[in-house]
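Okay, structure first, notes after.
For the numbers below, each heavy atom of this structure counts, side chains included, while hydrogens, waters and symmetry mates do not.
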Amino acid sequence: PTPFYDPVTGKPLFRAPIGRSMDEFLAESNLHGWPSFRDQEVVWENTRVLKDGETVSVTGTHLGHNLPDRAGNRYCINLVSIAGRPGGAPQ
């Protein structure tokens, strides 16, 4: 799986795909217009879902929202809220 990081702290927030192929992950994300993660792809020690569905890092970075569908929880995350490498990694 590919890790996705908090752009502020560098902590991992999501790992995907888990339980589906990369093609399935990309197809769902493209269909909805933003990266869409499922429960098993969330790094729960670094991620929280507030009562109103807002999804945030444990340090408060706004990530997106939980928009459940027939398949279960779907965490629709703003692409600018996740980084492709941990903080401090060389570019």
Within-4.5 Å side-chain heavy-atom neighbours: R15 and E41: no
Same apolar cluster (I L V M F W Y, side chains within < 4.5 Å links), F37/V49: yes
Inter-residue atom distance N73.CG - D39.CG, 0.5 Å rounding: 4.5 Å
Side-chain (D69) to main-chain (A71) donor-acceptor, under 3.5 angstrom: yes
In one Ile/Leu/Val/Met/Phe/Trp/Tyr side-chain cluster, 4.5 Å: W44, L63: yes
Aromatic ring pairing F4/F25, orientation class (parallel under 30°, perpendicular over 60°, tilted between): tilted
Euclidean distance, S57 OG relative to I82 CD1, rounded to 0.5 Å: 12.5 Å
Which atom of E54 lies closest to which atom of H62, heavy atoms considered: OE2-ND1, 2.7 Å
L50 CG to N66 CG distance, which is reported to the nearest 0.5 Å: 11.0 Å
Sub-4.5 Å side-chain heavy-atom contact between M22 and P17: yes
For C76 against S36, the heavy-atom pair lying closest together: SG-OG, 4.0 Å
Spacing of N46 atom CG and L13 atom CG [to the nearest 0.5 Å]: 6.0 Å
Electrostatic pair E45-K11, nearest N-O below 4.0 angstrom: no
Euclidean distance, E28 CD relative to R20 CZ, rounded to 0.5 Å: 4.5 Å
Non-hydrogen side-chain atoms of V8 and T59 separated by less than 4.5 Å: no
Same cluster (ILVMFWY, side-chain, under 4.5 Å), L79 and W34: no
Atom pair OG1/CZ of T2 and F14 - distance to nearest 0.5 Å: 14.0 Å
